[in-house]
Amino acid sequence: MTDTKGGYMARDWTRQPPALTPRYKTSLTRSPRLAKISLPSTLSEETGPVFDQNMLGPLDNDLITNFAAPGEMALGPRIIVHGHVLDETGRGVPNALIEVWQANAGGRYRHKNEGYLAPLDPHFGGCGRVMTDEQGHYSFRTVKPGPYPWPNGVNDWRPAHIHFSVFGQSFAQRLITQMYFEGDPLIWRCPIVAAIPDRDATERLIAPLDMQHTIPMDAQAYRFDIVLRGRRASYFENRPEGM
Amino acid sequence: MSKLFESASQTAGPYVHIGCVPNFCGISDVYPNDLGERMVTDAAPGERISITGAVFDGTGAPLKDVLVEIWQANSDGHYGNDASGFTGWGRQAGHGETGTWQFDTIKPGPVAHASGHLMAPHITFWIVARGINIGLHTRMYFPEDAAAHADDPVLARIEDKSRIATLLASRADDGMYHFNIHLQGPQETVFFDV
Ligand SMILES: [Fe+3]
């Protein structure tokens with residue numbers, strides 16, 4: 001057998017948030033309480049949907065203009081967000097689909113359930129998407145989102161953040177996370193951030209300002225690398241022929 | 001080989017629709033359609049089925065802001081885009097007032113397993129929402145496949161056999177499969193640590 005791909009390495013639960021994190025109140029009624037059943041990955045998790053660069057529109061990775069009226073642009077600090085999508089073995093993940101969503105520069109989402117009094121920006125929708133290149137690199141352009149208050153504690157504020165949904169090469173790698181911005185004092189006060197039990201794991205969600213990729217007189221840059229789960233190498237996987 | 005660590009998960013939050021199903025939440029000018037809303041083409045072989053349900057919290061209330069993704073094999077038990085255009089992947093948001101969702105798809109065939117056994121026909125579910133810190137994996141099995149369930153290597157891992165029922169859809173008079181997922185309580189669904 002020449003198959004070098006074994007099953008997925010077990011998830012490291014010391015670096016992932018548990019289901020029940022009482023400071024984040026909604027988790028109280030939405031957290032499973034019984035032990036999960038351990039499931040070594042099968043073909044059902046080792047495969048996943050495949051997306052095609054051709055499905056992307058030319059403005060999908062530009063939140064500054066993809067919702068704006070012709071000739072208009074979203075308000076706010078202009079930023080480039082870029083990074084490398086890797087797996088746990090250090091290999092770049094090509095053709096990973098990344099979907100992002102965020103509040104506008106004033107901290108307001110374009111959503112009917114949103115209750116914050118900050119105004120909508122008529123030229124900002126808040127969604128974008130991009131696929132990684134052959135080496136696993138991606139970039140998109142947006143405005144820096146504002147922090148916003150939310151009904152959890154009496155006075156809880158979300159740090160500025162961008163939500164990321166990532167598809168790697170299999171359903172086992174499926175990930176939704178959030179990117180935070182270097183230097184934001186709200187990060188370490190946030191009950192959602194605090195759900196992550198490990199300081200280093202938290203710090204890896206904080207994107208540093210990247211002056212090297214800043215575009216002079218135009219946009220600042222932030223770098224955000226994403227790591228998806230990796231597979232064990234195995235030359236002797238006990239698999240039926242043809243798998 | 002260097003060992004990196006998987007990025008930490010964070011909740012999808014209440015506005016997941018903006019990024020994943022923008023047309024569903026009224027942002028209709030950015031993408032032509034929502035990814036995953038249509039799984040099946042007319043050309044796809046196999047039995048057409050519909051699956052509907054809701055995800056319930058510990059108080060028994062449906063999650064109105066849930067996002068559900070499914071991943072399944074085609075009618076031959078193979079994964080991935082096939083020549084007929086069947087994608088195997090679907091994504092639906094819970095209805096804003098009732099929390100219900102529906103997938104129109106085909107019944108998957110049995111899938112090979114490393115043990116040499118076949119896995120009974122099943123559909124993988126992945127659930128994210130506000131209040132869920134990391135996406136939840138579960139599976140739906142079909143009520144008519146009881147014989148295959150007895151031989152299924154994944155169901156065999158569930159020590160408390162009474163909980164297998166939480167992974168079984170029921171088929172109702174409307175012809176649809178009904179599959180409700182319970183996050184907590186006496187009917188808590190089996191979730192997998194994949
Ligand atoms: Fe948010």
Side-chain angles (χ1 to χ4, degrees), chain A residues 11-12 15-19 21 26-27 29-34 36-39 41-45 47-50 66-67 86 88-90 99-101 109-113 125-127 163 165 171-172 174-178 192 195-196 201-202 204-205 226-229 238-240 243, chain B residues 1-20 22 25-27 29-31 57-59 63 65 69 71 73 79-81 87-89 111-114 116 119 122 124 126 128-136 154 157-158 183-184 188 190-194:
Chain A
R11 202 159 224 158
D12 185 347
R15 298 176 64 92
Q16 291 292 349
T21 51
T26 315
S27 77
T29 55
R30 295 185 170 196
S31 45
R33 299 300 167 84
L34 301 176
K36 289 180 184 169
I37 304 295
S38 299
L39 175 59
S41 61
T42 74
L43 208 52
S44 303
E45 297 79 32
T47 54
V50 176
N66 70 10
F67 188 82
L86 305 140
E88 290 173 294
T89 69
E99 298 164 297
V100 296
W101 66 102
Y109 282 98
R110 183 173 290 280
H111 195 285
K112 70 176 190 322
N113 295 343
C127 62
H163 296 265
S165 162
F171 223 51
R174 195 76 182 82
L175 176 72
I176 283 183
T177 187
Q178 301 181 30
I192 288 176
I196 303 168
T202 305
R204 287 172 195 270
L205 299 185
I226 298 165
V227 180
L228 303 179
R229 297 176 62 193
N238 177 23
R239 292 257 158 146
M243 294 305 299
Chain B
M1 198 153 32
S2 59
K3 174 70 168 86
L4 303 174
F5 295 102
E6 184 193 22
S7 298
S9 171
Q10 292 272 262
T11 180
Y15 309 123
V16 62
H17 314 103
I18 297 173
C20 294
C25 74
I27 300 175
D29 301 327
V30 182
Y31 310 147
D57 72 13
T59 72
L63 273 59
D65 49 13
E69 293 185 4
W71 173 241
Y79 280 104
N81 294 35
T87 66
W89 177 71
V111 171
H113 184 264
M119 292 189 280
H122 64 276
T124 295
W126 193 68
V128 294
R130 174 175 66 100
I132 295 177
N133 286 321
I134 184 164
L136 298 169
V154 172
R157 302 184 72 85
I158 301 170
L183 299 179
Q184 290 177 10
E188 182 176 318
V190 167
F191 297 103
F192 293 100
D193 180 13
V194 178

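What's counted below: heavy atoms across the whole structure, side chains too, no hydrogens, waters or symmetry copies. So that the names make sense, note that chain A is the first sequence line, chain B the second, and so on, each numbered from 1.
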| task | Please report the C-alpha distance between B:N133 and A:S27 in whole Å, then the side-chain angles of each, then the deciding distance to 0.1 Å, and finally whether the side chain to side chain donor-acceptor pair (under 3.5 Å) criterion is met. | result | CA-CA 8 Å; B:N133 286 321; A:S27 77; 4.8 Å; no
Checking [X] against chain B: side chain, backbone, both or neither under 4.5 Å from a heavy atom?
{"X": "A:D12", "result": "side chain"}
{"X": "A:E45", "result": "side chain"}
{"X": "A:A19", "result": "backbone"}
{"X": "A:L205", "result": "side chain"}
{"X": "A:S165", "result": "side chain"}

Part of [X] lying under 4.5 Å from any heavy atom of chain A:
{"X": "B:P22", "answer": "side chain"}
{"X": "B:Y79", "answer": "side chain"}
{"X": "B:T87", "answer": "neither"}
{"X": "B:V111", "answer": "side chain"}
{"X": "B:L63", "answer": "both"}
{"X": "B:V194", "answer": "both"}

Sort out for me which of [options] touches chain B most, counting heavy-atom pairs under 4.5 Å.
{"options": "A:R30, A:E99, A:K36", "answer": "A:R30"}
{"options": "A:G48, A:A195, A:G125, A:A172", "answer": "A:G48"}
{"options": "A:I37, A:N66, A:T26", "answer": "A:I37"}
{"options": "A:L228, A:I226, A:I192, A:V100", "answer": "A:I192"}
{"options": "A:Q178, A:Q16, A:K112, A:R204", "answer": "A:Q16"}
{"options": "A:S44, A:G126, A:P18, A:C127", "answer": "A:S44"}

Quick check for you: to the nearest 0.5 Å, what is the distance between [X] atom [atom1] and [Y] atom [atom2]?
{"X": "A:I196", "Y": "A:T202", "atom1": "CD1", "atom2": "OG1", "result": "4.0 Å"}
{"X": "B:R157", "Y": "B:F192", "atom1": "CZ", "atom2": "CZ", "result": "9.5 Å"}
{"X": "A:T42", "Y": "B:M119", "atom1": "OG1", "atom2": "CE", "result": "3.5 Å"}

| said: Main chain of A:S31, side chain of B:Q184: is a donor-acceptor contact present, judged purely on distance under 3.5 Å? | reply: yes
| said: Using a 3.5 Å distance criterion without hydrogens, assess whether the side chain of A:T29 forms a donor-acceptor pair with backbone atoms of B:G58. | reply: no
| field | Qualifying residue, where the test is side-chain hydrogen bond (donor to acceptor under 3.5 Å, both in side chains) with B:E6 and the options are A:R15, A:R229, A:R11 | value | A:R11
| query | If you tally heavy-atom pairs under 4.5 Å against chain A, which of B:G88, B:A12, B:G131, B:G135 wins? | reply |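 Top option by heavy-atom pairs under 4.5 Å: B:G131.
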| said: Heavy-atom pairs under 4.5 Å with chain A: which of B:G13, B:A129, B:A73, B:C20 has the most? | reply: B:C20
| task | For the pair B:W126 and A:F171, name the ring-plane relationship: parallel under 30°, tilted 30 to 60°, perpendicular over 60°. | result |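 Plane angle over 60°, so perpendicular.
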| request: Classify the ring geometry between A:W101 and A:H163 as parallel (under 30°), tilted (30 to 60°) or perpendicular (over 60°). | output: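 Judged by the thresholds at 30° and 60°, the geometry between A:W101 and A:H163 is parallel.
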| Sequence neighbours excluded, which residues qualify as ring pair (Phe, Tyr, Trp, His ring centres under 6.0 Å) partners of B:H122? |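 Once residues adjacent in sequence are excluded, the partners of B:H122 under the ring pair (Phe, Tyr, Trp, His ring centres under 6.0 Å) criterion are B:Y141.
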| request: Please report the shortest heavy-atom distance between B:G19 and B:Y31, naming the atom on each side. | output: O-CE1, 4.5 Å
| Taking every non-hydrogen atom, the tightest pair across B:S9 and B:I134 |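 Nearest heavy atoms, B:S9 then B:I134: OG-CA, 3.3 Å.
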